[in-house]
Structures are given as structure tokens and as C-alpha cells.
2 protein chains.
Amino acid sequence: MTGTDAAVLVVEDDVAMRRVLVTALRTSAYTVIEAGTGREAAAQAAGRNPDVILLDLGLPDADGVDLTRKLRTLTRAPIIVISARGREHDKVAALDAGADDYLTKPFGTVELLARIRVALRHARAADRGSEDAAFAAHGVRVDLTARRVFANGREVHLTPTEYKLLAVLVRHPGRVMTHRQLLELVWGPSYVSQTQNLRVYMGQLRHKLEHDPARPRLLTTEPGVGYRLDGE
Amino acid sequence: MTGTDAAVLVVEDDVAMRRVLVTALRTSAYTVIEAGTGREAAAQAAGRNPDVILLDLGLPDADGVDLTRKLRTLTRAPIIVISARGREHDKVAALDAGADDYLTKPFGTVELLARIRVALRHARAADRGSEDAAFAAHGVRVDLTARRVFANGREVHLTPTEYKLLAVLVRHPGRVMTHRQLLELVWGPSYVSQTQNLRVYMGQLRHKLEHDPARPRLLTTEPGVGYRLDGE
DNA sequence: GCGAATCCTTATAGAATCCTTACACCCCCG
DNA sequence: CGGGGGTGTAAGGATTCTATAAGGATTCGC
């Protein structure tokens, strides 16, 4: 598989290293976009819509993990992190911040290209689904782009965590989300076994949204499995 | 919390190594499925529908790259390859055969867990685009991705065990599943002789799904062998 | 700093689920 | 005609899971 038009954003401050990367990518027929700073990287990611991002963590002007998180808000393109630091902690932090792969220097060009192919494979598979930005049922309306929630025509105030939880459910209407999924997406990977907390927040959401919180029609329980946001 | 969440298939012949992996996964509240050979791996990948596959390339009975390709035809679950061989050629071969990540021994457990989280993230993103895997016959419809079951247009509530049992049958429509197979896949390897329990649950499923539970057309009995999910 | 909002934990009652036991049934064969 | 293996239904106690309230810890805004 060759580049077939795919655009790769290379974020790397070291000029020599950058030249190596760019040459390898051009040889494989990728379109290359370059950035030498975190600020530039964000601009290019937002403006040029790359298909893959190669990100060197060791930029002088930005913390790598923060930048990863930032880029993730700007684009859904896979991020392959390149770093001189090979400690486990660094890897985990970057991966949990939204990176899709982590390569430690020094690495081979051939391997890098193979990992780029994997990333593109993923991106294409994920592209097929696009999300709705709104949900409405049972007198409840959720506007994800405006971050607003209404119940029976009245706007309801939700705390950040409540909203996050509801937003996850809205993105998967009608389908059961397991405790694990909800906990991981709302609270993060290290909270996957704190199911009690999830129950508390689900109760708060019901209290604010359901007509009769004791007999939920919108936020239903699937005992032993998880919760579901029901349409009509 | 019961183990109805993300399931990880661990393919590893070395017992010591396997124990390390299984312990780490269980601690993070994953459901673990184990396989020690290539043949077993294929069977479990097809039968248990894991969410991620951890594959050691160094199995005695199968070539790792071939097995990767084989597994890719059986499931779309992400494959994380674990290998003692760290040569670039090996990595590229595995990645291009369909693997999603490649870890070289020795590696840290924390990093492995982080990479599993990445893989699950991808799987979920890809899931959104795919059509719902479903089964329909005799007025019964089973939606495996939404975890919903309908009979005669009405949604039926199934308990976790009932659903698990039905899900196994749905993945092998028309084929007889032996008592042993069903017990192992639903209740686990230590329950393979508790056939009475299976009868009870099969009865409950019939009661909820069949038009006339006494004359089952969907869930038929193969005396002395097992049960079968019949199409039209 | 201070108050208010939010978060997370704990405790407990109530609900759902699981698994076992008990027993009736059916069909085949001696 | 009477077992006997295999099967289907019913019921209940033990276990697990869930809902809700309440309070201390923490964070946030001013």
C-alpha cells in the first residue's frame, strides 16, 4: 500500500530528524505537512485536515502530553507519538491523552511506515460513522454543540460530570453502554471499577430529566450490564 | 461487578507468561479468555467474540503471521502482537498481516494495559460505522450491538445470563451447539457438567421468545446432544 | 480567603438475578 | 408394562446488583 493521497502532518523541531522523516514519507508517496512548534502543529492540524499526525514529544515550546490532548480536540486523525523518552510512564500518559501509537527513538523507517499504514487503516474504518449533534425524546432535548439540555421546555443545569455522562449516552442512543464503558469514557481508565459512583450520577440525571425518576423511561437500567438511553 | 465488560483473548503457550498477563487483566476488571494454541485461538475468537486479542507470535503449533491473518478473517477485534523477536521485518510482517500493534518482550504491564485501552478506543470508533449485527427469524429479532431482543415487535427483557446464552446461539445459527459448548461459553469451563442449569435457562428463553414455549420452533432440542437456533 | 458548587464515599433498603432442588413428563427399550 | 435416561417446568432462598440519602472532602469562582 502506498500513500494514495494521504496527508501526514510531521511535528518535529529537530531539522535533521525532520528531513529524514519527510524524505521517507515522500518516497512512499504521502503528502507531507510540516510543523516545528506546538502552535504551528495546532494550526496545521485544524487547517489542513491531515490523515495522520507524527508528533515528537520533545518540542521546546510545549508539553507533549498537553499538545496531544489539544490536537485530539482539533482533529480525529490518528496521532503517532515519537519520543526519545522510553519510560513506561511517558508512554501511558501519551496514549491515555489520546495518542494512538508510541515509538521510541531510535526506530526504523520501515517500522514507522508500517505503523502509519495501520493508523490509516483505522482512520478509514472509523470514518464511516459520523455523530449526530443532538438528541430528543421523552420531552428531553440535548444539544451537544451548544452544551445545553432541556427537559419539558425548561433548560436544566447539569454539573460537568453529569453532562459528560449524558453526552456519552447521547452519542450512542438506544444501545446499552456497559458500566465499564461509561466509567472509562467519563471518569477515565483508572475508575473502571467504581460502579457505585456511576449509580449516584445516573440517579442525579434521572432526578433532573425524568418525569418520574423512580420509573425511568429515558435512562433505563440493564441490570448486571449497564445503562441505556432510550428513544421513543 | 461481574465480568460482562470488555473481553480480552490471551493467546500464549508459555504458562508463566500467561499467568502474568491474566492476572494483570483481571486486576483491571477485564474478562479474560485463554488459549494456548493456534487452533484454540481460532475457536475462541470465533466463539466468544472478544473485544481485543493479545497474540504471542511464538506459538509452537502455528506461524504467527499466518495466525494473524486467520484471526483477521474470523473477527474484527484489534490484535496486539506480543513477541520476543524485535526485528523490523517481523514487526512489519505482522502489522501488514492485520495486527494493530506490536510489543517486543520484555515490556511493562502498565504499557500493555494502556495499549489495550487504545485498541478498545479504536474498536468502539469503528463499531459506530458498522451495521448492527443482527439475527431475525420466527418473529424474533436479536440486535447484538445494541444488546436488544424483540419478539413479535415487542422488546423483551433478558437477564445477563439469558442474553449471553442467546448471543452464543445467534453467533452460530442453524448449528447444533452441544451442552458442553454452551456451558463453557456462557458459564465458564468449570460448569461444563451443570446441564440442569442450562435446561432451566433454555426454558426461560423459550418462555420469553417462543410463541408456544411447549412447541419450540426457534430454540429446538437435539436430545442427547444440545440445542440449536433454527432459522426459517 | 470564603462561600458555594461539585465530587466522591459510605450505608442501607429494596429489587433483580442466579442456582439449586424437587418433581412431572416423554419416549425408547427390555 | 415398568423402568430409566434425558428433558421441561416450577418455586424459593442465597447472592448480587441497584437506588437513594447523607455527609465530608475537594474544587471553583469571586
Side-chain angles (χ1 to χ4, degrees), chain A residues 147 149 156-167 169 176-188 190-228, chain B residues 1-5 29 31 147 149 155-167 176-180 182-188 190-228:
Chain A
R147 214 212 98 109
V149 180
V156 203
H157 169 74
L158 298 184
T159 71
T161 308
E162 286 166 2
Y163 181 80
K164 234 176 172 178
L165 176 56
L166 181 61
L169 288 164
V176 177
M177 297 294 286
T178 66
H179 301 131
R180 161 182 280 282
Q181 288 176 325
L182 292 170
L183 284 161
E184 186 169 336
L185 291 172
V186 175
W187 281 270
S190 50
Y191 285 75
V192 283
S193 46
Q194 312 286 323
T195 36
Q196 184 52 31
N197 207 8
L198 174 58
R199 291 198 192 98
V200 172
Y201 273 88
M202 194 61 64
Q204 288 173 359
L205 275 183
R206 280 172 176 157
H207 200 70
K208 290 185 176 180
L209 301 179
E210 294 276 1
H211 180 262
D212 179 2
R215 299 186 191 295
R217 301 189 165 278
L218 188 75
L219 300 162
T220 55
T221 302
E222 208 67 45
V225 185
Y227 295 89
R228 177 170 55 194
Chain B
M1 175 150 75
T2 50
T4 50
D5 290 320
T31 300
R147 214 210 100 107
V149 180
E155 178 162 11
V156 228
H157 171 76
L158 298 185
T159 71
T161 309
E162 287 165 3
Y163 181 81
K164 243 179 179 173
L165 177 56
L166 180 60
V176 179
M177 297 294 286
T178 67
H179 300 134
R180 191 190 185 74
L182 291 170
L183 284 162
E184 181 167 347
L185 293 174
V186 175
W187 280 270
S190 50
Y191 284 74
V192 283
S193 48
Q194 312 284 326
T195 42
Q196 179 52 29
N197 211 2
L198 176 57
R199 289 198 195 96
V200 171
Y201 273 89
M202 195 61 64
Q204 287 174 359
L205 274 183
R206 281 173 175 156
H207 198 70
K208 290 185 176 180
L209 300 180
E210 294 276 0
H211 181 262
D212 179 2
R215 298 185 195 293
R217 300 187 167 278
L218 188 75
L219 301 162
T220 55
T221 303
E222 206 67 43
V225 185
Y227 296 89
R228 176 172 50 199

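On a predicted model such as this, the values are computed, not experimentally measured, just so you know.
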Span of DNA chain C, from the first to the last nucleotide whose atoms fall under 4.0 Å of chain B heavy atoms: dT17(C) to dA22(C)

K208(A) NZ: over 12 foreign heavy atoms closer than 6.0 Å: yes

For atom CG of L182(A) and atom C1' of dC17(D), their distance in whole Å: 16 Å

Euclidean distance, atom CE of residue M202(A) to atom P of dT20(D) [Å, nearest integer]: 12 Å

Closest approach of L169(A) to M177(A) (non-hydrogen atoms, all atoms of both residues): CD2-CG, 4.0 Å

d(NE2, H157(B); C1', dC17(D)) in whole Å: 12 Å

Validation row: Y201(B), E162(B) side chains within 4.5 angstrom (heavy atoms): yes

Below 4.0 Å: OP1/OP2 of dT18(D) and any side-chain N or O of H179(A): yes

Separation of dT20(D) C1' from E210(A) CD (nearest whole Å): 15 Å

Min side-chain heavy-atom separation Q194(A)-W187(A) under 4.5 Å: no

Interatomic distance, Y201(A) OH vs dA19(D) P [rounded to whole Å]: 16 Å

Sugar-phosphate only, base, or nothing, as touched by Y163(B) at under 4.0 Å among non-hydrogen atoms: nothing

Pair R180(A), T31(B): side-chain N/O donor-acceptor within cut-off below 3.5 Å: no

Pair R206(B)-T221(B), side-chain donor/acceptor within less than 3.5 Å: yes

OP1 or OP2 of dC17(D) under 4.0 Å from side-chain N/O of Y227(A): no

Within 6.0 angstrom of H157(B) NE2, more than 12 heavy atoms from elsewhere: yes

Nearest-angstrom distance from the residue atom NE2 of H207(B) to P of dT9(D): 9 Å

Shortest non-hydrogen contact from H179(A) toward G224(A): CE1-C, 4.2 Å

Between C1' of dT20(D) and NZ of K208(A), the distance in whole Å: 16 Å

Spacing of D212(B) atom CG relative to dG8(D) atom C1', expressed in whole Å: 13 Å

Within residues 190-199 of chain B: residues closer than 4.0 Å to DNA chain D (heavy atoms): Q196(B), R199(B)

Residues, nucleotides or ligands: over 12 heavy atoms within 6.0 Å of R217(A) CZ: no

